Enquirer: 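A single structure is presented below for examination.
Values below: all heavy atoms of this structure, side chains included; hydrogens, waters and symmetry mates excluded. Here the structure is a predicted model, which means the values were calculated and not measured. Lettering of chains follows the sequences in order, A, B, ..., and the numbering in each one begins at 1.
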Amino acid sequence: MVKRNLTGSGYGLTSWIQQRVTAIIMLTFIIVFFVFIIFTSMSVNNNISSWQHVFSFILIKIFVQIFFIALLLHAWVGIRDVWMDYIANTALKLTLHILSILWLLGGLIYSIKIIWA
Amino acid sequence: MIRKKMKFSIYRYNPEIDSKPYYKDYEIEIDAHDKKLLNAMVKIKEYYDDSLSFRRSCREGVCGSDAININGRNGLACLTDLEGLKEPVILRPIPGLPVIRDLIVDMTQFFNQYNSIKPYVIDNELMPERERLQSQEEREKLDGVIECILCACCSTSCPSFWWNPDKFLGPAALLHAYRFIVDSRDQATNIRLDELNDPYRLFRCHTIMNCADVCPKHLNPTRAIGKIKEIMVERIV
């Protein structure tokens with residue numbers, strides 16, 4: 001049994017706050033999004049040209065991009081939690097962390113391509 | 001006066017004899033004065049099978065020795081009423097810790113985590129001539145925290161502790177960490193918070209709340225963990 005205690009790596013709290021703040025951002029986005037759909041002409045005029053019109057506004061693009069960044073930061077904490085809980089081997093855990101980061105970064109780049117294209 | 005018969009199925013394992021653990025069934029006579037589960041266990045050991053091993057001491061919920069898993073739920077045998085227990089009553093050692101024999105587990109890991117939070121008041125100033133005084137309000141902050149008897153019912157029912165017993169402190173140690181963080185006489189608050197700010201030691205808690213559910217003293221380690229996080233946020237924001 002290992003006697004030493006590896007303590008105070010100093011980033012537990014920031015991840016915890018990150019997860020909560022990004023959750024609030026996403027929740028706000030989802031509520032605003034559905035209110036927008038329900039109370040505007042989008043609910044009756046739901047076609048590609050009306051969506052293109054909505055996404056022609058720069059504020060909408062920024063808003064959606066912030067949502068995706070929040071989603072990816074949120075997912076990072078969640079995925080890492082799963083690896084921390086279930087994977088004991090450090091080398092395997094580090095590999096999974098790196099693969100998760102690459103996967104999430106890929107998602108970020110793809111979201112930029114879709115939103116700003 | 002014999003009141004009734006009761007069936008028990010008890011986890012048995014003696015590493016010197018048994019190649020693997022097994023369950024042994026007992027049917028015993030319960031008298032009118034046998035109120036608690038511990039009474040029945042003592043009776044089994046005394047009259048039916050003296051090879052059965054378990055820990056017990058005060059038999060009134062103060063020492064915390066007789067924490068076992070009763071019908072799938074951690075609890076103290078001395079505080080558990082025989083009345084109302086589903087039969088056969090299945091008794092197992094508290095989960096997640098190595099079994100030494102039968103219902104006795106090796107608590108070293110649990111107490112290592114407890115000791116690592118420095119469970120004592122750290123005061124670097126000169127010793128006062130008399131005692132270190134606290135106001136009534138300061139003392140009230142310790143209510144619901146200092147009643148912990150370190151029976152390990154909470155930590156051994158916590159999945160996060162099962163997964164990372166060497167890295168995650170577990171609810172019992174975190175409850176005690178909170179106890180010293182809020183103690184007005186303790187001066188090491190910042191050092192304590194620094195040592196807890198770690199993705200494993202504190203932040204493996206996923207608010208599953210098994211700890212608060214099983215605590216035989218009706219304490220709430222989840223609440224204490226939440227309070228520690230609040231104090232940490234207060235410190236940086």
Enquirer: Which residues in residues 102-117 of chain A have any heavy atom closer than 4.5 Å to a heavy atom of chain B?
Expert: none

Enquirer: Minimum heavy-atom separation for A:I37 and A:W51, please, with both atom names.
Expert: CD1-CH2, 3.4 Å

Enquirer: Take B:S65 and B:R56 through the side chain to side chain donor-acceptor pair (under 3.5 Å) test and state the conclusion after the steps.
Expert: CA-CA 5 Å; B:S65 308; B:R56 51 102 171 91; over 6 Å; no

Enquirer: Hey, is B:E138 close enough to B:R185 for a salt bridge, meaning N to O under 4.0 Å?
Expert: no

Enquirer: Are B:K45 and B:D50 close enough for a salt bridge, meaning some N to O gap below 4.0 Å?
Expert: no

Enquirer: Can you say whether B:F168 sits under 4.5 Å from chain A via the side chain, the backbone, both, or neither, judging by heavy atoms?
Expert: neither

Enquirer: Counting only heavy atoms not in B:R55 (residues, nucleotides, ligands), do more than 12 fall under 6.0 Å from its CZ?
Expert: yes

Enquirer: Go through the steps to decide whether B:S51 and B:R12 satisfy the test side chain to side chain donor-acceptor pair (under 3.5 Å), and finish with yes or no.
Expert: CA-CA 10 Å; B:S51 71; B:R12 301 299 308 271; 2.9 Å; yes

Enquirer: Considering heavy atoms only, which positions within residues 56-70 of chain A lie below 4.5 Å of chain B?
Expert: none

Enquirer: Answer with side chain, backbone, both or neither: which region of B:L193 has an atom nearer than 4.5 Å to a non-hydrogen atom of chain A?
Expert: neither

Enquirer: Side chain, backbone, both or neither: which part of B:V237 has a heavy atom under 4.5 Å from chain A?
Expert: neither

Enquirer: With side chains defined as the heavy atoms from C-beta onward, is the minimum distance between B:P159 and B:N210 less than 4.5 Å?
Expert: yes

Enquirer: With a cut-off of 6.0 Å (strictly less than), are more than 12 heavy atoms of other residues, nucleotides or ligands near NE2 of B:H206?
Expert: yes

Enquirer: Using 4.0 Å as the upper bound for N to carboxylate O, is an ion pair formed by B:R235 and B:D194?
Expert: yes

Enquirer: If you measure from CD1 on B:I70 to CZ on B:R73, what distance do you get to the nearest 0.5 Å?
Expert: 9.0 Å

Enquirer: For a quick test of reading the model, state the closest non-hydrogen atom pair linking A:G12 to B:N197 and the distance between them.
Expert: N-OD1, 3.2 Å

Enquirer: Would B:K141 and B:D183 count as a salt bridge (Lys or Arg N to Asp or Glu O under 4.0 Å) if you check the C-alpha gap in whole Å, the side-chain angles of each, and the deciding distance to 0.1 Å?
Expert: CA-CA 7 Å; B:K141 286 184 180 172; B:D183 193 314; over 6 Å; no

Enquirer: Applying a heavy-atom distance below 4.5 Å, give me the residues of residues 79-95 of chain A that approach chain B, sorted by number.
Expert: A:D81, A:M84, A:D85, A:Y86, A:K93

Enquirer: May I ask you to decide whether B:D186 forms a salt bridge with B:R192, counting only side-chain N to carboxylate O separations under 4.0 Å?
Expert: yes

Enquirer: Do B:R204 and B:K167 touch side chain to side chain, with heavy atoms closer than 4.5 Å?
Expert: no

Enquirer: For B:I191, does the CD1 atom sit with more than 12 other heavy atoms under 6.0 Å from it, leaving out its own atoms?
Expert: no

Enquirer: Quick check: under 4.5 Å, non-hydrogen atoms only, which of residues 13-36 of chain A neighbour chain B?
Expert: A:L13, A:W16, A:I17

Enquirer: How long is the gap from CD on B:Q187 to CD on B:E125, to the nearest 0.5 Å?
Expert: 4.5 Å

Enquirer: Is it true that B:R132 and B:D123 make a salt bridge, defined as a side-chain N closer than 4.0 Å to a carboxylate O?
Expert: yes

Enquirer: Hey, what do you get for OG (B:S157) to CD1 (B:I208), rounding to the nearest 0.5 Å?
Expert: 9.5 Å

